[in-house]
Amino acid sequence: MQLDRLTPGMLIPFGGNRAVSVPAGLANEFQAGDMLVVCQTDGALLHIPTDIRNAVRDDISASSVAFKALTTRSDIQIVAFFEAFADLLEDDAVWSRIVEANAHDVANARATGRSTGRLALGSTARDGMIRGLRIWAASESYRHADIDVRQHDGWTVSVSRAPVGIVGFIFEGRPNVLVDATGVLRNGNTALIRIGRDAFETARCMMDHAIRPALSSSGLPDDAVRLIARQERAGAWAMLSDRRLGVAVVRGSGPAVAQLGDVARQCGVAVSLHGTGGAWLVADAHADRARFISAVAASLDRKVCNTLNVCCIDRARVADLVPALLEGLERAASPIGGFRIHVLEGSENYLPASLFSTVVITTREGGIVDEPVATMLPHARLSTEWAWDETPEISFVVVDGLDEAIALFDQHSPRFVASLISEDRTAQNRFFDAVDAPFVGNGFTRWADGQYALDKPELGLSNWEQGRPLGRGAIMSGDDIFSLRYRMEQDDIDLRR
C-alpha cells in the first residue's frame, strides 16, 4: 500500500513503541507522490515534495552514469584532473571570479546576521585548497590495489580495493570543502555535493570556472563532480534516502546533523557524521605554564570543530594557571571583541570578580551585542559547543585531579579532541589510556586535521559521541572511501570442496 495522503491527527509510529500525530499543516501540504521520512529517534516528520525528490533523483542518476564511465578512465586522467583544478585556482583571473562570487555570499550572510568565519575565502584558504589538490595529484593510486593474496593448493584468492560509487556530501557555508570532496575521485568514486545556501554562489562559480573545465580537459565524465541545485532542506533528506549513494559524508554539528544521520541510517545509506565539535584542554598539577599559555592561544585562532571549547585546571595550580589562562585568552582575543568565558558553578571564585561585570563586544547571529566577559554556567550546560565568530569563547572548570577531568570529559564532551598539558609522562600515558577520544595530544588542539596532521585532505572528522567507527580512524580522507573485492584464480581444473 502506498501512502498518498495524510490526515490531521493521523498517528505515525516510530522508535518501535511510540507514535507522533500528523499536524494539520503537513496533512494539507502532502500530496500523492510525495515522500514522508520518519526520524526514529524523535519522531520528526520530514516531508519531501515530489518535485524535489525527482530533481535529486536526477542528480543521483547523473552521478551514477558518471561513476560507470569513470571505471573506463585511467589513473593518468584522474591525476590530470587534480593538476588542472589546481592550475585553475592558481589562475588569478579564475580566482578573481570565485572571490567575487564569495563576496556576494558573504554580504548576503552578513545581511541576515549569519556567521561568515568559515565562508569567506582568502589567500590562506586558496593556498590550502591548491596544496590539497597537489597532494592528490602526487599521491599513489589505490583504485585497484591488491591488499592481500592467499595462495592455496591449486588456486589463489586476491583481495583488492574497489570504489564504492557515489559519495554524497552535505555541508554548510564552507566553500573550501568543495575542493576536499573531489578527493574521492582518486579512488574512482564520484562526488555529489549539496552545499548550504550561504556558500552556494561561491560553489557554483567554482564549478563553472574550475571544476568542470578541469574535468573536461582531463577527459573525465562531466558529472564526476556534481552540485545539487535544490536548496530546500528536503533536498538533503531526498539525497540521503536514496540507496544508490555508496556513502554519505555530513559536515557540521548539532541537531540538524544528527537528524540527517538518522535519515541516512534508516534508509540504508552508510554515513559519516561529524556531530558536535569542541576540544577540551586539561592542565594538571605538573603543567608547564608557558606551554599552557601557548596551547590556549593556538587553540583559539578561529572557530572550527577542533577549537578549544572547555578548559580544566587542577585546583592545585589555580594560583598561577588561571592568570595563564587569561593571558592565553588575551593573546587569542579579537581586536574588537576580547574574549568570553563561561565559568562552571563552583569555579567562579578562582576568576577575578571584575570579569563578571566587565562588558565585551561580540557578534551573534542577531548582530553585534554587549555581553559580560564572564558568566556562570550550570553543570547541565558543560556540553555546550560555543559557536563564536570573532570573539573566542570557552567554558572553564576547576577540577580535583586528572581523574575528575577525565570523568567530566567522558560525560559532557562530544568525545572528540582531548589535550593534557603535563610534564608527567605517567599522567600523559594514563590520560591517553583512559580518556574516550579519538584525538589525544599534549599541546594545542587544532592539530586534529587530516591535511595538517597526515598530509591528506580530509572529508570529515568523526567524534565518538555516537560510538567508535568500525574499521577506520576518525579522519576520513578521499582514499579512505573504498570497498573490497575478492578474485579467485583456479589453476587446478579438478579442484572441488
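Taking N189 as the reference, nothing meets the side-chain hydrogen bond (donor to acceptor under 3.5 Å, both in side chains) condition, with sequence neighbours excluded. Taking the side-chain hydrogen bond (donor to acceptor under 3.5 Å, both in side chains) definition, one finds that D208 meets it with R212, sequence neighbours left out.
No donor-acceptor contact under 3.5 angstrom links the side chains of S395 and H342, judged on distance only. When only modelled atom types and interatomic distance are considered, H379 and E345 share no side-chain donor-acceptor pair under 3.5 Å. N306 and R446 share a donor-acceptor pair across their side chains, judged by distance under 3.5 Å alone. Judged by distance alone, the side chains of S462 and R468 never bring a donor and an acceptor atom under 3.5 Å apart. Of the N and O atoms on the side chains of R161 and S483, not one donor lies less than 3.5 Å from an acceptor on the other residue. If you check the side chains of R244 and S61, you find a donor sitting under 3.5 Å from an acceptor. Side-chain contact of T276 with E465: a donor-acceptor pair under 3.5 Å is present, judged by distance alone.
Remark: the backbone N or O of T307 is not paired with any side-chain donor or acceptor of T445 at under 3.5 angstrom.
Taking the charged nitrogens against the carboxylate oxygens, R230 and D51 do have a contact shorter than 4.0 Å, which makes a salt bridge.
Side-chain contact between V225 and L220 is absent, with no heavy atoms from C-beta onward closer than 4.5 Å.
To the nearest 0.5 Å, atoms SG (C311) and CG (L344) are separated by 12.5 Å.
Sorted by first and then second residue, the pairs that involve residues 19-38 and meet side-chain hydrogen bond (donor to acceptor under 3.5 Å, both in side chains), not counting sequence neighbours, are D34-H47, D34-T50.
Taking a 6.0 Å sphere around CZ of R233, one finds it holds 12 or fewer heavy atoms contributed by other residues, nucleotides or ligands.
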